[in-house]
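A short worksheet on the structure shown next.
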Amino acid sequence: MSKWNEFLEGARGAALEAGQMLRSGMDEGREISYKGVVDLVTNFDHQAQELVFDRLATAFPGHGFLAEEGLSRKAQAEFRWVFDPLDGTTNFAHRFPVFTVSIALEHQGRVILGVVYDPMRNEMFQAVKGEGAFLNGRRVRVSAVDDLNRSLLATGFPYDLRESPVNNIAHFNHFLIRAQAIRRCGSAAMDLCYVACGRFDGFWELKLKPWDHAAGALFVREAGGRVSDFEGGEFEISSQESLASNGLIHEAMIHVLGLAKERESGGEKE
Ligand code: IPD
Ligand code: CA
Ligand code: CA
């Protein structure tokens, strides 16, 4: 049994319940409002957040919270839950059945456990630091692909891509002609879980928020993969650059991510 079993069970229960509510919500009407030109939010984001917060705050009253829809409580608490109640909002709003509930727990500022639940496929991804990565109770590992040409990659784009030049389009173009193929699922938490269980070989994205990648990044590491910034430096959940892979193609991905920077600074290298 895990050292953090009580917290793990709490996270699993909340993710399952919120996920089931979202799955039933797929067939219902939804209210959509806009945070930006393409950045939307639905009433289900808020309902899922309330549900997860209620379950965890009731079970663990002293804990802190950080979640996407404006939830921030007791930031200095010893334990803090960092969660995205609905990762894949654009998909959900369009009834494209790819989205997750992503919940991580920090202890003294370090992520110690993560749970990502995909209610449409009933897949529960969970990891506790130092205890391995599990999908529906079965241990998982990253892939053994060691050649970028044979790699299936995943990425996503920031909501400010129309306004900001730091928008991932150059990186995407560089990878498109160097990888086997690229997928854009629309849930960064799911992308990371898929790297961890070998469905993807690598993933990169810019400007993710702590709730997008806190649980998934731990899951990748616990499955034997590597997570860093775009230059191979240390990854924090506050990082603006997320690079995750099976470890074997990591250096090749760092090289490709460097190409856009070299262009910007007038370098020639390909
Ligand atoms: C988004 C998804 C998407 C990623 C975006 C995220 P949301 O989260 O994870 O895959 O490309 O950057 O913001 O808004 O659906 O919770
Ligand atoms: Ca998200
Ligand atoms: Ca979200």
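Just so you know, ligand 1 is whichever comes first in the structure, and atom 1 is the first atom listed for that ligand. Being a predicted model, the structure only gives us computed values, none of them experimental. In this chain, residues are counted from 1 in sequence order.
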Checking contacts here: is it the side chain or the backbone of Glu68 that comes within 4.0 Å of ligand 1, counting heavy atoms only? Could be both or neither.
side chain
Glu28 backbone acceptor or donor facing Arg30 side chain under 3.5 Å:
yes
Which heavy atom of Glu241 sits nearest a heavy atom of Phe235, and at what distance?
O-CD1, 3.9 Å
Examine Asp84 against ligand 1 and note whether any of their N/O atoms are separated by less than 3.5 Å.
yes
Ser164 side-chain N/O to Val166 backbone N/O, donor-acceptor pair under 3.5 Å:
yes
Show the nearest heavy-atom pair for residues Cys185 and Val98, with the distance to one decimal.
O-CG1, 3.7 Å
State whether a side-chain donor-acceptor pair under 3.5 Å links Ser2 with Asn5.
no
Geometry only, no angles: is Gly88 polar-contacting ligand 1 at N/O separations under 3.5 Å?
yes
Which one of Glu205, Lys35, Glu69 has a non-hydrogen atom at the shortest distance from atom 4 (C) of ligand 1?
Glu205
Answer with yes or no whether Leu86 contacts ligand 1, where contact means a heavy atom under 4.0 Å from a ligand atom.
yes
Pairing donors with acceptors under 3.5 angstrom, does anything connect the side chains of Asp84 and Ser102?
no
Test your reading of the model: is there a side-chain donor-acceptor pair from Asn136 to the backbone of Asn122, 3.5 Å cut-off?
yes
Which ligand 1 atoms does Leu208 reach within 4.0 Å, using its non-hydrogen atoms?
12 (O)
If you look at every heavy atom in Thr155 and Trp204, which pair is closest and at what distance?
OG1-O, 2.6 Å
May I ask you to check if ligand 1 and Ser187 share an N or O to N or O distance below 3.5 Å?
yes
Tell me, which protein residue and heavy-atom name are nearest atom 9 (O) of ligand 1, and how many Å apart are they?
Asp87 OD1, 2.7 Å
Distance only, no hydrogens: is a donor on one side chain within 3.5 Å (strictly under) of an acceptor on the other, for Ser228 and His250?
yes
Near Phe157 (heavy-atom distance under 4.0 Å), the atoms of ligand 1 are 11 (O), 12 (O)
Got a donor-acceptor contact below 3.5 angstrom from the Asn91 side chain to the Pro97 backbone?
no
Keeping to distances under 3.0 Å, can you name the protein N/O/S atoms close to the Ca ion (ligand 2)?
Asp84 OD2, Asp87 OD1, Asp212 OD1
Return yes when Tyr159 approaches ligand 1 closer than 4.0 angstrom through a heavy atom, no otherwise.
yes
Atoms in ligand 1 flagged as close to Thr89, the criterion being non-hydrogen separation under 4.0 Å
15 (O)
May I ask whether Lys207 has any heavy atom positioned less than 4.0 angstrom from an atom of ligand 1?
no
Side chain, backbone, both or neither: which applies to Asp45 and ligand 1 if a contact is any heavy-atom pair less than 4.0 Å apart?
neither
Are Arg141 and Glu222 close enough for a salt bridge, meaning some N to O gap below 4.0 Å?
no
In short, Phe7 meets Trp81 closest at the heavy-atom pair O-CH2, 3.5 Å
Heavy-atom nearest option to atom 2 (C) of ligand 1, drawn from Cys185, Gly156, Gly186
Gly186
Contact (N/O only, under 3.5 Å) between Ala188 and ligand 1
yes
Ignoring hydrogens and angles, state whether a donor on the side chain of Asp229 or Ser239 is under 3.5 Å from an acceptor on the partner side chain.
no
